There are 2 protein chains.
Amino acid sequence: MQDLAVSDIIVRSNDEEALGGAARVFTFFRDKLLSGELKAGDRLLAERELALALGVSRPVLREALRSLAMLGLLDIRHGRGAFVRAADASVLGQALTLCLAPEPNILDDVLQARIAIECQAIRLACERASERDLQALAGMLDTLVVSLDDPEKGGQADYAFHLAIVRASGSSALMKIYEAISPLLMRSHVERRRDTFREPAITSHLVDAHRAVFLSLVQRDPDAAESRLREHFKIGDELRRKNLFTSYQSQASNL
Amino acid sequence: MQDLAVSDIIVRSNDEEALGGAARVFTFFRDKLLSGELKAGDRLLAERELALALGVSRPVLREALRSLAMLGLLDIRHGRGAFVRAADASVLGQALTLCLAPEPNILDDVLQARIAIECQAIRLACERASERDLQALAGMLDTLVVSLDDPEKGGQADYAFHLAIVRASGSSALMKIYEAISPLLMRSHVERRRDTFREPAITSHLVDAHRAVFLSLVQRDPDAAESRLREHFKIGDELRRKNLFTSYQSQASNL
DNA sequence: GTCAGTCCGTGGTCTGACCACTCTAAACCG
DNA sequence: CGGTTTAGAGTGGTCAGACCACGGACTGAC
């Protein structure tokens with residue numbers, strides 16, 4: 001072991017003591033991130049310098065930096081350096097996926113979370129939505145109508161519309177959580193769309209329901225908006241079940 | 001609790017290519033976790049053996065394992081080994097905190113998320129709550145009443161009651177998200193309680209509101225339950241603001 | 001002025017060694 | 001024989017130094 005600077009010893013003893021080296025460095029940077037002392041875009045010192053400054057070896061420092069990178073907090077680029085990254089909901093989504101992995105019925109469950117977020121979001125949106133938000137929603141409604149016959153585009157337009165509602169709520173917490181659960185929803189969303197886009201009952205409901213929700217939002221009526229949104233989810237669910245049933249039936253008759 | 005066989009590992013040579021070594025090992029284990037091939041309590045091979053089996057050096061392997069440990073997926077214990085850990089919502093909470101750190105008004109924002117989750121949860125609970133769930137809630141209601149004059153216990157009882165509602169929804173996704181945001185709420189919750197527990201208007205509202213919510217739940221009336229819950233949040237918020245106002249007023253008169 | 005090649009700073013990886021902790025089982029003592 | 005102590009093996013924790021691979025900047029030639 002090389003010479004140990006006295007200052008290093010003092011700093012260490014005042015720090016958390018029970019934590020391992022890597023964990024100590026990890027929390028060190030995490031706290032800098034939380035306190036805003038490190039902002040997105042900042043560049044960290046070189047690994048060799050950091051290791052020296054923090055009084056740990058390079059492998060230990062790397063374990064900490066790698067952990068931060070895996071959490072999406074750092075962007076480490078070969079030959080360039082380590083950069084602080086803007087907070088990203090994708091990590092949240094991954095964490096949620098990991099947490100929910102062992103549970104059964106996740107899909108239906110996550111759908112419940114989606115309904116929860118959206119219903120609260122639209123209430124807030126009724127209070128807070130700006131003219132621009134409403135115009136954006138109107139545009140998405142149009143996109144949704146013209147892309148009814150394309151499962152891919154239609155699904156995206158549908159998602160964009162609902163996402164815009166959450167955005168119009170002006171609540172970043174709702175937004176982040178919604179983004180976090182979105183990837184889990186996506187998988188089934190497009191599939192369902194592909195199964196149902198030829199059913200007139202479903203496509204007509206789709207347009208009517210979204211339009212009704214939008215109108216309530218324009219009228220800034222939270223109760224109406226929420227109940228129409230709930231209606232939309234409920235009917236959509238029923239139609240999908242019905243469609244699933246008939247498709248199974250036709251499969252059975254083909255045997 | 002069983003060791004991971006080396007044969008389980010060898011297969012992966014044509015895997016993802018662009019990823020760095022540590023990232024590759026990381027996703028390797030993450031996928032094993034997601035697929036259920038690795039369950040909570042399983043013990044990993046020793047680092048030296050794993051490194052050999054995966055074809056990477058020990059430092060690289062350690063970067064990956066440390067990352068998994070930081071995510072709460074692994075429990076690495078000095079002198080004993082690395083064990084797979086049960087999914088934990090605390091990581092979700094940390095990730096959320098990190099994501100929301102740069103945002104202003106997080107507290108109010110997270111409260112909106114809380115309302116969202118609970119309102120949906122109580123609707124589901126009206127459908128799904130078991131007799132046991134209801135009895136548990138009844139018990140918590142009693143605890144809440146008898147601990148009105150203790151900010152600490154009262155706050156805990158309050159939280160326990162609301163958590164029990166979410167649990168009664170039977171949705172693990174709602175539950176996880178609720179647990180994730182709870183720590184962010186806790187901070188303000190106890191403080192508020194300390195400021196307001198001597199106000200008769202507030203404490204009486206507290207009991208009435210919780211009881212009303214509970215009764216609607218017993219009657220399995222989703223609309224009533226949700227609206228009473230919203231009422232509870234709304235009035236609680238107003239009372240706190242009012243109390244905050246008068247306390248500022250009295251401070252001013254003391255100057 | 002543009003392009004190419006070189007050089008330097010950076011992260012990426014490896015090796016081999018040693019330390020610290022935990023458990024176990026053998027050795028020891030009563 | 002039974003309980004205690006101790007030595008060993010196996011594990012993670014840390015370290016130092018070296019080398020490779022990538023990216024950008026500088027410099028030289030054209």
Side-chain angles (χ1 to χ4, degrees), chain A residues 1-5 8-9 11-13 15-29 38 41-85, chain B residues 1-6 9 12-13 15-29 41-85:
Chain A
M1 181 137 185
Q2 69 179 36
D3 293 352
L4 193 64
D8 289 341
I9 299 174
V11 171
R12 275 203 206 174
S13 60
D15 263 9
E16 302 82 10
E17 55 285 347
L19 291 175
R24 200 167 51 240
V25 176
F26 178 87
T27 60
F28 172 78
F29 282 109
L38 282 173
D42 287 356
R43 183 174 173 282
L44 266 49
L45 290 175
E47 291 184 353
R48 292 162 178 88
E49 298 176 58
L50 269 184
L52 192 62
L54 295 175
V56 296
S57 68
R58 216 181 137 208
V60 169
L61 178 82
R62 278 181 60 81
E63 285 177 23
L65 294 187
R66 177 72 59 195
S67 298
L68 291 162
M70 290 302 182
L71 268 170
L73 271 45
L74 240 47
D75 193 3
I76 305 180
R77 275 178 283 185
H78 194 168
R80 301 196 47 196
F83 300 83
V84 177
R85 201 157 142 173
Chain B
M1 186 191 290
Q2 156 191 16
D3 281 17
L4 185 64
V6 180
I9 302 172
R12 44 153 317 287
S13 42
D15 259 16
E16 304 81 11
E17 56 288 345
L19 291 175
R24 202 168 51 240
V25 176
F26 178 87
T27 60
F28 171 77
F29 281 110
D42 285 354
R43 182 176 175 279
L44 266 51
L45 289 176
E47 291 184 353
R48 293 162 178 87
E49 298 175 58
L50 269 183
L52 191 62
L54 293 174
V56 295
S57 67
R58 215 180 135 206
V60 170
L61 177 83
R62 277 181 60 82
E63 286 177 24
L65 293 188
R66 178 71 60 193
S67 299
L68 292 162
M70 289 302 181
L71 269 168
L73 271 44
L74 239 46
D75 193 4
I76 304 180
R77 276 178 284 184
H78 194 168
R80 301 195 47 193
F83 300 82
V84 177
R85 203 156 138 169

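Letters A, B, ... are given to chains in the order of the sequence lines, protein chains preceding strands, and every chain is numbered from 1. All figures in this text were calculated on a predicted structure; none of them were measured in a lab.
We find the CG-CZ distance between A/Leu68 and A/Phe28 to be 11.0 Å, quoted to the nearest 0.5 Å. Atom-to-atom distance recorded for A/Leu74:CG and A/Ser67:OG is 10.5 Å, nearest 0.5 angstrom. If you take CD1 on B/Ile76 and CG on B/Leu44, they are separated by 8.5 Å, rounding to the nearest 0.5 Å. Interatomic distance, B/Arg66 CZ to A/Met70 CE, rounded to the nearest 0.5 Å: 13.5 Å.
As rounded to whole Å, 13 Å separates atom P of D/dT14 from atom CG of A/Leu54. Distance B/Leu44 CG to D/dT11 C1': 13 Å, rounded to the nearest Å. If you measure from atom CZ of B/Arg43 to atom C1' of D/dT11, you get 7 Å, rounded to the nearest angstrom.
Paired regions of DNA chain D, where each region holds three or more successive Watson-Crick or G-U pairs whose two hydrogen-bonding distances fall under 3.5 Å, are C:1-30 with D:1-30.
Contact annotation: side chain of A/Arg48 to base of D/dG17, donor-acceptor pair absent below 3.5 Å.
Nearer to the 5' terminus of DNA chain D, by closest-nucleotide assignment, is the contact made by A/Gly21 (compared with the other of A/Arg58 and A/Gly21).
With contacts defined as side-chain heavy-atom distances shorter than 4.5 Å, the pair B/Leu65/B/Phe29 qualifies.
Protein chain B contacts DNA chain C from C/dT13 to C/dC23, reading 5' to 3' and using non-hydrogen atoms of the protein with a distance under 4.0 Å.
For DNA chain C, the residues of residues 62-81 of chain B within the heavy-atom distance limit of 4.0 Å (strictly under) are B/His78, B/Gly79, B/Arg80, sorted by number.
Listed here is the closest heavy atom pair of A/Gly21 and A/Val60: C-CG1, 3.7 Å. Scanning all heavy atoms of the two residues, the minimum distance from B/Glu49 to B/Leu45 falls at OE1-CD2, 4.0 Å. Between B/Ala64 and B/Ala22, the shortest heavy-atom contact is CB-O, 3.5 Å.
For B/Ala51, the side-chain contact (heavy atoms from CB on, under 4.5 Å) test picks out B/Leu61, with sequence neighbours left out. In this view, B/Arg48 and B/Arg58 satisfy the side-chain contact (heavy atoms from CB on, under 4.5 Å) rule, not counting sequence neighbours. In this view, B/Arg62 and A/Glu63, B/Glu47 satisfy the salt bridge (Lys or Arg N to Asp or Glu O under 4.0 Å) rule, not counting sequence neighbours.
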